[in-house]
Amino acid sequence: MNIRDQFREGLITNNPITVQQIGMCATMAITTSLFNGVGMGLSVLIILTCCNVVVSAVRKIIPNEIRLAIFVVIIASFVTIVDLLLKAYIPALSDSLGVFIPLIVVNCIIIGRAEAFCQKNDIKASFFDGIFQGLGYTVILIVMCVIRELLGSGRFGGGLIDVAKGFRFTLDGTGGGIQIFPSEFGASILTLPFGGFLTLGVVIAAMQYFLKKSAREKKAAEEAAAEAARLAAEQEED
Amino acid sequence: MLTNILSIALGAILIDNFIFSQFLGCCPFLGCSNKVDTAAGMGIAVVFVMGLASAICWVVDTYVLVPLGLEFLETLAFILVIAALVQFVEMFLKKSVPSLYAALGIYLPLITTNCAVLGVVLLNVQNHYNFIESVVYGITGGLGFMLAIVLFASVRERIDFADYPDCFEGFPIALVSAGLLALAFMGFSGMKIF
Amino acid sequence: MKDNKIVKLSLVLFLVCAIAAGVLGVVYNLTKPTIDRRALEKTTAAFAAVLEAESYEVVDTGAYTLDRSVNSVYKASDGSGYVVESTFSGAQGNITMVVGVKSDYTCSGISITEHSETSGLGAVAASASDAGVAFREQFIGVGENVTVKDIDAIAGATITSTAVTNAVATSITTVKTIEGGAAA
């Protein structure tokens with residue numbers, strides 16, 4: 001398995017959210033502003049990569065019977081470290097994600113990758129697996145945030161982009177974002193729990209549509225190629 | 001005291017339902033809701049584990065972690081307590097109450113990674129609940145989860161006969177239906193016991 | 001043999017936990033000063049926003065029967081009033097806020113320190129936006145009989161607005177109780 005395949009797998013064909021369909025609680029709960037989405041995505045990416053590397057490094061020395069318990073301890077440690085660092089250096093993000101940071105411990109993505117991938121692969125492959133799976137997760141979070149924020153309150157980049165004090169990025173959560181249209185015209189229902197379920201459903205449906213379409217096209221192309229080869233062979237026979 | 005407990009219970013079951021307003025426990029909610037029977041089994045198992053976990057984690061937190069100044073180990077300690085608890089409950093049921101084990105057994109291992117369980121113990125600490133409040137919050141939170149998953153399973157059994165676009169097959173249509181249920185549960189927000 | 005294996009497994013697990021706890025302890029001690037400083041800055045900023053004073057001293061609330069929503073009460077060192085911290089349940093969870101109460105039992109300002117209200121609706125109450133500032137400023141000068149009818153509630157967030165109004169009214173009542181107790 002090379003890096004390019006892993007990249008494709010993490011982002012599209014085996015995306016943690018849209019294809020494996022795991023780790024959805026946080027996906028629906030926190031995707032109300034770009035600030036939350038990027039913060040959560042990157043936290044998961046960092047934790048996932050660290051856990052993957054450590055699990056892969058110790059995979060040969062830990063006894064098989066208690067491997068899950070050890071994985072859980074490793075994951076919980078990294079989650080706590082990230083939680084403490086966020087509290088100290090990006091408190092606004094820690095406030096706004098609240099209980100969902102410690103809950104990364106039970107996010108099935110991390111234990112799932114440890115069990116399914118890192119146990120069998122070397123450190124390098126596990127490292128890239130962590131990065132790309134984490135990226136796949138982050139991308140879907142960002143897509144959800146952009147849709148919910150734009151349609152819900154007419155904004156883009158809430159909390160992250162500060163227009164009032166000149167166009168710049170902030171990390172203290174005070175940025176108002178870019179107002180695309182007045183928030184009164186937004187369907188604010190999308191920022192409520194209902195919007196989380198609906199948006200994720202639509203995003204997964206869109207992904208399924210395109211995956212099926214590309215699978216169909218691939219199949220059609222293969223059939224066409226086979227047909228052409230057959231015709232060429234027939235012509236040669238003539 | 002009593003009104004306090006009643007308002008925690010009402011909040012956990014209806015107003016701040018674990019699934020529909022706090023998004024805790026969505027994985028088993030979507031994964032185990034194809035049939036009403038399985039959903040009810042999962043629900044009962046969750047009520048059981050959430051109640052027990054709230055009680056034990058409260059004791060661990062109040063008598064071990066806080067006196068030693070080790071609050072930063074809460075996440076680590078709680079997940080280990082939950083994992084051990086689930087194992088223990090599984091062994092206990094297998095030996096002593098085989099009939100209950102036959103009904104709940106397959107759901108128990110799944111509960112360790114149910115974020116509703118870890119979520120409830122973390123929220124207990126965050127909300128500074130005392131022992132009774134924690135246990136009530138755990139059990140009623142589980143009941144809220146059970147209500148949600150049983151309702152949702154009944155809806156899902158009907159979805160099989162519905163006509164929807166192909167690309168919504170599987171999870172997407174389930175998510176949209178869950179969203180509509182969440183919308184219905186929004187009607188409870190603002191209810192209060194004084 | 002079997003016992004041996006169990007002992008070995010427990011030892012390994014114990015070792016792993018010990019290492020994890022050790023690493024976390026180091027990180028915790030490194031980040032603790034910063035976290036504490038942030039928390040202090042946040043409280044000081046919130047206090048200064050609601051009632052200007054040089055320093056604040058904690059009031060022992062054990063001596064009075066107060067509303068159970070009240071977390072703590074601070075007295076301004078110059079005697080200009082009190083700062084009351086209370087927690088009320090909003091639409092999505094608890095709202096923790098500090099309310100400044102002047103010695104004539106009117107509100108001198110409010111600041112919401114913790115909440116989980118809906119972004120774009122209830123969260124406006126705590127936001128730094130114009131609408132948020134306008135919402136909070138209308139509480140300046142109100143007395144203990146304030147109800148949600150007396151203020152312009154945030155559109156689409158009646159529950160949040162009611163919770164904030166109740167917190168203001170309760171805070172003023174609390175200060176009255178404490179002052180009354182001191183006089184008696």
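- Aromatic pair C:Y82/C:Y74: centroids not less than 6.0 angstrom apart.
- With a 4.5 Å cut-off on non-hydrogen atoms, A:F78 does not touch chain C at all.
- A donor atom on one side chain and an acceptor atom on the other are not found under 3.5 Å apart for C:T96 and C:T113.
- No hydrogens or angles considered: a donor-acceptor pair under 3.5 Å links the side chains of C:N71 and C:T87.
- In this structure, chain A has heavy atoms under 4.5 Å from both the backbone and the side chain of C:V16.
- For the set C:D36, C:L30, C:V12, C:I19, the entry with the most heavy-atom pairs within less than 4.5 Å of chain A is C:V12.
- The side chain to side chain donor-acceptor pair (under 3.5 Å) test applied to A:D95 returns C:K42, not counting sequence neighbours.
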